[in-house]
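First the structure, in the form of structure tokens, and then the observations on it.
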Amino acid sequence: MTNTTWKEPTLAEVDPEIAALVAKEERYEQDTVRLIPSENYASRAVLEASGSVFTNKYSEGYARKRYYEGQAQVDLVEELAAKRVAELFGADHANVQPYSGSPANLAVYLAFAKPNETVMGLALPSGGHLTHGWNVSITGMFFKSVGYNVRRDNHLIDYDEVRQLAREHRPRILWCGATAYPRIIDFAAFRSIADEVGAILAADIAHISGLVVGGVHPSPVPYADVVTSTTHKTFRGPRGGMIMCKKEHAKIIDKSVFPGLQGGPHNHTTAAIAVAAHEAAQPSFKAYAQKIVDNAKVLAAELTERGFNLVTGGTDNHLILIDLTSKNIPGKVFAKALDRAGIVANYNTVPFDPRKPFDPSGLRLGTPAVTSRGMGAPEMKRIAAWMDEVVRKVDDEATITRIAREVAEACRAFPAPGIAVQ
Ligand code: DSN
């Protein structure tokens, strides 16, 4: 922070309980291998902006059209953030106010569909997101939702099924994008289907936005009417959301975010999104995105060699989905044993999973966070070896404790961004 002469007590003095939990979380994030594909480490610069005085401001409206005075700095921050994001993605327009990915997606519904109209998205069990019309989400309750699936034989998106369902149901909005799909998404194919049935094509790139910026996943921007994303996954920003769209949709998207869905934007988050966009515009970010994918491919190959069955047989992006059926262990049991060993992933359904979402057959992992620490192929090989040992010894606490020690020791060579080295 810029202040050098604080006259106030520190967090530790005011609230030792929370300060201790922050310190413990820092230790945890430093000493563990974090493989949850939707998580990352924000840089110190992003954290500083996110923890800045912009948290104090109310700014309903948009830059230069606010309902509050005192916006001299906030307006510049939001203009910078929106301009940087639009330039980065080559989009006509960017809105950086959505509180996160789900509100960003809701704004798309509000902009383009009326209650009970038909929408289409990848079904949750096939790797889609709740907000792409799944039945327990408001998007599946307030709209007539038709889910498409991956193919049974290879677990790839079934573009023939998408086309056939779209012709049959004529959705207002066609969603593409996923939370548990390890392969490239063919945005051109979705565009042609949307055109055929007159649908708005919405691409949710929350998981892959950093890969898109880095040029290692094709961009949906030339194809989709509207593109949504969170800002904290591969993009490495603060927890937030953003929407990019074509010029003709800018007004309706802005109106849908505010006043349609939200009140005052979280200006501290906007400032941090601007910083993240600045970081993502550096040449080093391209190398980072490439390394995420390289690491995922090495990890996938090493796991396959050890008899793990990967959904689709591997990965093209940052994410790996393991079907543990052949290992005779439920995803949850494995995820919990891994967590005790200092390797953090999440249990997940696999396509056509016979088990329930709260006790599924799969494990989902990804490489954005470990790549942010500078880990590479040798570390991916070690991680696969540790995972192999844990899967064979889930109840052997001595082995798990030994691995946790080895993991923490290995992590020390790769200081986590955003965390002061202790
Ligand atoms: N919850 C995010 C994920 O983990 O993929 C998606 O919103």
Side-chain angles (χ1 to χ4, degrees), residues 29 32-42 98-109 119 121-140 145 147 150 155 157 175-183 185 202-212 217 220 226-243 261 266 269 273 276 292-293 296 311-312 315-322 331-332 334-336 338-339 343-351 353 357-358 360 362-372:
E29 292 192 16
T32 52
V33 162
R34 298 174 56 234
L35 295 174
I36 292 178
S38 45
E39 290 188 353
N40 211 330
Y41 293 95
Y99 298 145
S100 197
S102 296
N105 287 353
L106 281 185
V108 174
Y109 287 91
V119 298
L122 181 63
L124 188 86
S126 279
H129 191 252
L130 279 168
T131 57
H132 299 173
W134 192 239
N135 56 13
V136 296
S137 147
I138 186 172
T139 62
S145 170
V150 293
H155 295 161
I157 290 172
W175 283 100
C176 53
T179 60
Y181 189 68
R183 296 295 179 177
I185 293 172
D204 178 346
I205 57 166
H207 266 260
I208 57 168
S209 50
L211 305 185
V212 169
H217 190 294
V226 57
V227 177
T228 64
S229 182
T230 49
T231 50
H232 46 268
K233 297 186 175 95
T234 47
F235 195 66
R236 286 198 65 196
R239 296 197 77 93
M242 54 189 175
I243 306 179
L261 281 173
H266 293 177
T269 299
I273 290 172
I292 290 177
V293 177
V311 170
T312 78
T315 182
D316 296 330
N317 58 23
H318 64 302
L319 182 147
I320 295 165
L321 189 58
I322 307 176
K332 200 181 211 170
F334 190 33
K336 287 192 180 300
L338 283 173
D339 189 40
I343 297 170
V344 191
N346 69 272
Y347 58 86
N348 211 95
T349 53
V350 295
D353 202 329
F358 206 55
L363 185 86
R364 189 183 70 148
L365 50 158
T367 51
V370 288
T371 307
S372 294

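Please read these numbers as outputs of a predicted model, since none were measured by experiment. Start at 1 with the first residue, then count along the sequence. Both counts, for ligands and for their atoms, begin at 1 and track the order of listing.
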What protein heavy atom lies closest to [atom]? Include the residue and the distance to one decimal.
| atom | value |
| --- | --- |
| atom 5 (O) of ligand 1 | His207 NE2, 2.7 Å |
| atom 7 (O) of ligand 1 | His129 NE2, 2.9 Å |
| atom 3 (C) of ligand 1 | Ser38 OG, 3.3 Å |

Heavy-atom protein neighbour under 4.0 angstrom from atom 1 (N) of ligand 1: no
Parallel, tilted or perpendicular, as decided by the 30° and 60° cut-offs, for the rings of His266 and Tyr99: parallel
Interatomic distance, His132 atom NE2 to Asn105 atom CG [nearest 0.5 angstrom]: 5.0 Å
Working for side chain to side chain contact (heavy atoms under 4.5 Å, CB included), residues Arg364 and Leu319: CA-CA 7 Å; Arg364 189 183 70 148; Leu319 182 147; 4.2 Å; yes
Ligand-residue contact atoms, ligand 1 with Thr179, heavy atoms, under 4.0 Å: 5 (O), 6 (C)
Those atoms of ligand 1 less than 4.0 Å from some heavy atom in Arg364: 3 (C), 4 (O), 5 (O)
Main-chain N/O of Pro182 paired to Thr315 side chain as donor or acceptor, under 3.5 Å: yes
Under 3.5 Å donor-acceptor, Thr231 side chain and Gly240 backbone: yes
Ser137 versus Thr139, side-chain donor and acceptor atoms under 3.5 Å: yes
Non-hydrogen atom of Glu39 closer than 4.0 Å to ligand 1: no
